Amino acid sequence: MAPKMVTKYKKVTVLGLGYVGLPTAAIIANKGLSVIGVDTNVSTVKTINEGNTHIIEPDLEVLVRSAVNSKNLVASIIPEPADAFIIAVPTPFTQKKKPDLTFLQQAIESIAPVIKGENLIILESTSPVGTTQLIAEWLSNIREDIEFSESDNSLKIDGKNIYVAHSPERVLPGRVLVELVNNDRVIGGLTKQCGDEAESLYRLFVKGECHVTNARTAELVKLTENAYRDTNIAFANEISLVCDKLDIDVWDLIKLANRHPRVDILKPGPGVGGHCIAVDPWFIVDSAPEETPLIQASRYVNDNKPAWLVQKILNSVDDNATVSCLGLTYKSDIDDLRESPSITIVEKLAQHHKGQILVADPNIESLPDKLCKILNIEFCNFEDAISRSRIIILLTDHREFIEIDKSILSNKKVFDTRGIWRSFLTNNNLESIGD
Ligand code: SAJ
C-alpha cells in the first residue's frame with residue numbers, strides 16, 4: 001500500500017538520472033508520487049524503464065525495479081510538465097578549473113517550456129555561489145512571461161510564484177540510499193517561501209533535519225564541506241610523505257596521534273578522486289582566488305600524490321618487471337572512475353615503465369578509454385594479476401582485496417597505498433609504503 005502523501009507536489013520531474021538523481025527519483029516514486037526521470041542518454045532511459053540500473057549502488061536496483069513496476073517511475077528523454085522539478089545534472093569543471101554549467105543550462109532550457117505558476121524548482125547539483133539566482137534569470141530570459149525581480153528575488157508568471165531553491169546533495173557513494181533519507185538537508189531558497197516549499201517536498205522522505213537558509217549560503221555550505229574534507233585528506237597525505245622520508249610507519253603514527261581527544265587525522269592514500277572532492281574546492285577558488293591559499297594548496301598536495309607514488313615505484317622496481325595495479329575506481333566498493341587517482345597512476349607508470357602492467361578491478365568490466373590503447377597495459381582478474389607478477393600496487397581498498405587469502409602475497413613486493421594489508425606485510429617482513 002502506498003504511504004500517505006503529505007506534500008502538495010504530486011508529480012515530480014527529476015533531471016539527470018545519475019548517482020544522485022536516480023536514487024532520489026526511485027525513493028520519491030516509492031513514496032507514492034508520480035515521477036518522470038529525465039536523462040539525455042537514451043540507453044540509460046531504456047535500462048531504467050526495463051527496471052534495471054546503470055550504476056552500482058547497494059539496494060538501488062531493488063528500489064528502481066519496484067518504482068518502475070508500480071508505474072510511479074517512468075524514464076524519458078524529454079521533460080514533462082510537473083508540480084516540482086529536481087535538477088541533479090553534473091556540474092564539472094573545465095581544464096582551467098572553472099565551473100562548467102553547460103549541463104545545468106541545458107536542463108533549464110529543457111524545462112523552460114513546461115514551467116507554470118506554483119511550480120517548485122530545486123537545484124541539487126553542487127554549484128558555485130550565485131547559481132540558484134542564475135536559474136531564475138535564465139528562465140526569465142528564455143520565457144517572456146516569466147519575470148524575475150532582483151529587489152525581492154521573486155520569480156513570477158501571470159502573478160503566480162515559481163519557487164526556486166538549492167538543496168545540495170550530500171550523500172556518500174556506497175551509502176546513497178541510507179544517507180538520502182537519514183542525512184540532514186540544507187535548503188536555501190531564493191526567498192524564505194521558496195525554502196519552505198522545498199522543505200515540504202523533502203519532508204516526504206527525509207528523516208534528518210531540514211535547515212532552511214538562503215540560496216547563497218546553501219551553495220557555499222556544500223562547497224565548504226567538500227573543501228574541508230579535501231584539506232583534511234591533504235594533511236594526511238602530506239604527513240605520509242614526511243613519514244616516508246623519515247622512515248616512520250604513517251599508519252602507526254596516525255593511529256597514535258588520533259588517541260589525542262582533539263585530533264582526528266584522516267587516511268592518506270594514492271590521491272583524491274571522485275566528481276566532488278577533487279572538483280568542488282575549485283568552485284570556491286574561482287569565486288575568491290585571493291582568499292583561498294589553503295584550499296588551493298590542499299588541491300595541489302592531493303593532486304601531486306599520484307606522481308609522487310609513481311616515482312617511488314619506478315625508483316624501486318626493475319625496468320622490465322611485470323607490475324600489478326589493483327583497483328581503478330576512486331574509492332572502495334563502487335564502480336565510479338571519475339577523477340580516479342588510480343587511472344593517473346597506471347597511465348603515468350605505463351609511460352615510464354618498460355615491463356608489463358596488469359590492471360584488475362572487480363567492480364569494472366573493462367579498461368577505461370584512456371588506458372585501453374596503451375600497449376603495455378592488460379586488464380585481467382585480480383587473482384591472475386597477483387599470480388603473474390611479483391610487484392603488487394594496491395590502489396583501492398575494495399572488499400575483495402581486504403578479504404583475499406594473504407598468503408598469496410608472500411614473496412611479493414607490495415605497495416599498499418591504503419594500509420589494508422599492513423599487519424600481514426609487517427608480520428612477514430614484507431615491504432610496504434609509507435614507512
Ligand atoms: N579519501 C582519502 N582518505 C580519506 C578519505 C577519503 O584518501 O581519509 C579519498 C578517497 O579514497 C576518494 C576521495 O578521497 O578518492 C573522496 O572520497 P570520500 O569518500 O571522502 O568522498 P566522496 O567524493 O565519495 O563523497 C563526498 C562526500 N563529502 C564529504 O564527505 C564532505 C559526500 O558526502 C558528498 O555528497 C559527495 O562528496 C558529493 O557528491 O559532493
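As the structure is a prediction and not an experimental result, all values here were calculated from the model. First listed ligand is number 1; within each ligand, the first listed atom is number 1.
Heavy atoms of other residues, nucleotides or ligands lying less than 6.0 angstrom from NZ of Lys97 number more than 12.
Residue pairs meeting the side-chain hydrogen bond (donor to acceptor under 3.5 Å, both in side chains) criterion with at least one member in residues 252-272, sequence neighbours excluded, are Asp252-Arg422.
In terms of the ring-ring contact (aromatic ring centres under 6.0 Å, His included) criterion, residue partners of Phe401 (sequence neighbours excluded) are, by chain and number, Phe382, His398. For Thr53, the side chain to side chain contact (heavy atoms under 4.5 Å, CB included) criterion is met by Leu22, Leu60, Glu61, Val64, not counting sequence neighbours.
In this structure, the side chains of Arg299 and Asp303 come closer than 4.5 Å at one or more pairs of heavy atoms.
Annotation: ligand 1 has protein neighbours Glu169, Arg170, Val171, Leu172, Pro173, Lys222, Glu225, Asn226, Arg229, Ile233, Leu266, Lys267, Gly271, Val272, Gly273, Cys276, Ile277, Asp280, Tyr330, Lys331, Arg418, each with a heavy atom less than 4.0 angstrom from the ligand.
Residues Gly37 and Leu73 come closest through the heavy atom pair N-CD1, 4.2 Å.
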